[in-house]
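Atoms considered below: every heavy atom in the structure, side chains included; atoms not considered: hydrogens, waters and symmetry mates. Just follow the structure's listing: the first ligand is 1, and inside any ligand the first atom is 1.
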Amino acid sequence: MSIFINEQEKTFHLTNDKISYIFRVMENKQLEHIYYGSKIAFSDSVSRLVERSFRPVSVVEFDNDLITCLDSIKQEFPSSGGGDFREAAIDVTFENGSHILELEYNSYKTAKGKTKLPGMPATFANQDECETLTIFMKDELSGLEVELNYTIFNTLPVITRLVRLHNNGDENITIERLLSASVDIPDQKYDVIHLSGLWGRERHFYRSPAEPGVKAVYSTRGASSHHHNPFIALAHPEATENHGNVYSMNLVYSGNFLAQVDVDNYYVNRLMIGIHPNRFQWKLKPHGEFYSPEAVLVFSDKGLNGMSHAYHDLYNNHLINPKWAHKARPVVMNNWEGTYLDFTEDKIISIAETASELGVELFVLDDGWFGKRDLDNSSLGDWYVNKEKLPNGIDGLAKKINDLGMEFGLWFEPEMSNSDSHIMKEHPEWIIGTPGRFRKPARFQYVLDYGNPEVVEHIFEMMDDILSNANISYVKWDMNRNISEAYSAYLDSESQGELMHRYILGVYTLYDKLLERHPNLLIESCASGGGRFDPGMLYYAPQIWTSDDSDAIERLKIQYGTSMVYPVSSIGAHVSAVPNHQVGRITPLDTRANVAFFGVFGYELDPNKLTEEEMQEIKEQIKYYKRNRELLLFGEFTRLASPFEENETMWMVKTKDKEQAIVAWFQVLSIPNDGYRRVRVPGLDPSALYKIEENGLQYTGSELENIGIVLTAPIRGELGFDDTAIMNKRDFDSKIFTLRKVK
Ligand code: GLA
């Protein structure tokens, strides 16, 4: 059992062998947060743990004999305007214009397992894997009921939270703000960590001291965005990759979000995450209900790697479609960087022939196969084949690809349209835009109103037609612009504040419908690279195109940052041509593959332009990946040295039984006459002997951990006497060490 309840004191303790989370009901029936962190031996009563102090200039009330200033106590689900002046988790407007909510505890319920979240992605687990506590609160005057749901996973340091609102009164209630989770964490000057960036450099790692005031990351773009990820963490200032306390939150949602810490002047850190309140307004009619997205809370006392291991485990086992979660993913050849929009069937077949010779397993035809799409200013929304380019149709092409021994995948951008398209001419009202105002294009395209179920149905039918009439096993679902001038012709004037949320619900509906009709489809999500890399997408699409930046050195930072939360099995990573199309850099072919191995591996180039030598090297790369992909995709991924701090980056994967590991070392610039270089490999069996496949050397687990694999030793014999016998003298060098336990 993982939920303990003291009925008398109304205390709730969620716990497993890693974490404890405790809150209680106060005399005024509000909830007070007591503790969150490492597991504690808890003695059933919290009276000794309640903290109070008189706060001058505060609004007070009484909790037994204690003076309570709501403004400074730790709250479980804060509302605004009633004496707590910090950022709130919930805010509503009643018909008389008032915002004041008095949420009082009513009852609770516990259940094994967790229920499905209607219409939205969420983690799942069976009855033996988690337990759920629901707290029922009510605002007596209005009849608004608030359910706080907490699920604790039995073997992971994970609690998921979500909120359900139900209007049990007779008036309309407008939800102005509803965050999924809020936790008040006291006593510390923490560091705040987030993953932020831009197109081409998504999810870079940022860490800075959390100071009084609000530090927020967010999206108001209609997608979770390149700019910030729906993730935030508070780390003890001394916490490192492997040690120290880290509190974090990740939102299972792909639309507008807010993730922030509000540090008050007593250094209570209010960590919160949820739908962004900006332009969000949801009318809750009598009897209406509303669910927040799910927030995932991970606490680690083993630093950032400990946090990441928990997210990776959770997402691989309880979020990603079980059909794919532990399945080796096919090696892909995608034609985008090889041809862009300029291709014919012959050209595609000749690329595919070479790809198949190399050992590629799945060929993906990217943008340009539909309508009259020769440039990127036309045809989005017209999902039928361009016979001039592909005279045998998608069906004919798919057959030819299948005959070459490969599966076939196809690109769609289902949420968009160009003005030069049938869909936009026939249904101008299906495009998001404010009447009478200019709709700003982005990449010549406009966003379809997925808040309108008719639009979702129409696109579903077009896609279903293509998918049902050709042997397509993979879809790359792209989304290349954000929403501006948000207005829906489908919604009435009072419901316009619902558009951004309804839009993303429509996207989820289309995913659901497609997967219901085509359950074996493997979907790769994409949004101009990594503009929608979030757990919501991961629920439907087991892999996500991480970034349009395929340069190996840029990818070190992107993949390192992404790995904070997301497992290797979700990180799409392809080897592309040099000079790299995004940054012009020339990196060695082995380094390009060594980076991409730590992701869902593939190629994105014209293989007919490769030299014979490169062809041979690629054949070996693909063989290596096929031999090791279970370990690479599903092994425990640990970061060893950060590209944000060093010239060197290191990371590794290992099997849980410590039988096998793959360690990767990368350097940006080559340094002359440098110090000794080693790759220390933690966490293997200290007394066991491991053999490195690449050079035959053997090390014990404790040597690997404490001394490390030496990179700079001159080695006699096969490798000669070069003083950089293992490292090469070159910029952008890298090495992979494949370790297997020999005894
Ligand atoms: C986006 C994607 C690319 C490619 C192009 C096609 O930029 O991120 O991978 O699919 O669109 O237009």
*asked:* The criterion is side chain to side chain contact (heavy atoms under 4.5 Å, CB included); which residues satisfy it with Glu454, sequence neighbours excluded?
replied: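 For Glu454, the residues satisfying side chain to side chain contact (heavy atoms under 4.5 Å, CB included) (neighbours in sequence not counted) are Trp430, Asn452.
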*asked:* List the residues meeting side chain to side chain contact (heavy atoms under 4.5 Å, CB included) with Asp606, not counting sequence neighbours, and say none if there are none.
replied: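 For Asp606 the side chain to side chain contact (heavy atoms under 4.5 Å, CB included) partners, ignoring immediate neighbours, are Ile351, Asn608, Lys609.
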*Among side-chain atoms of Asn386 and Trp369, is any donor-acceptor pair under 3.5 angstrom?*
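The criterion, which ignores hydrogens and geometry beyond distance, is not satisfied for Trp369 and Asn386.
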*asked:* Under the rule for ring pair (Phe, Tyr, Trp, His ring centres under 6.0 Å), what residues qualify as partners of Tyr566, not counting sequence neighbours?
replied: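 Result, ring pair (Phe, Tyr, Trp, His ring centres under 6.0 Å) vs Tyr566: Phe533.
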*On the 0 to 90° scale, with breaks at 30° and 60°, tag the Tyr253-His501 ring pair as parallel, tilted or perpendicular.*
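The arrangement is tilted - the two ring planes meet at 30° to 60°.
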What are the atom names and distances for all N or O pairs under 3.5 Å between ligand 1 and the protein?
unit_1, atom_1, unit_2, atom_2, d
ligand 1, 7 (O), Asp548, OD2, 2.9
ligand 1, 8 (O), Gly529, N, 2.8
ligand 1, 8 (O), Asp548, OD1, 2.6
ligand 1, 8 (O), Asp548, OD2, 3.1
ligand 1, 9 (O), Lys476, NZ, 2.7
ligand 1, 9 (O), Asp548, OD1, 3.3
ligand 1, 10 (O), Asp366, OD1, 2.6
ligand 1, 10 (O), Asp366, OD2, 3.3
ligand 1, 10 (O), Trp411, NE1, 3.0
ligand 1, 10 (O), Lys476, NZ, 3.0
ligand 1, 10 (O), Asp478, OD2, 3.3
ligand 1, 11 (O), Asp478, OD2, 2.8
ligand 1, 11 (O), Asn480, ND2, 3.3
ligand 1, 12 (O), Asp367, OD2, 2.6
ligand 1, 12 (O), Arg443, NH1, 3.0
ligand 1, 12 (O), Arg443, NH2, 2.8

*Does Asp534 reach the main-chain N or O of Met537 with its side chain, forming a donor-acceptor pair under 3.5 Å?*
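Present.
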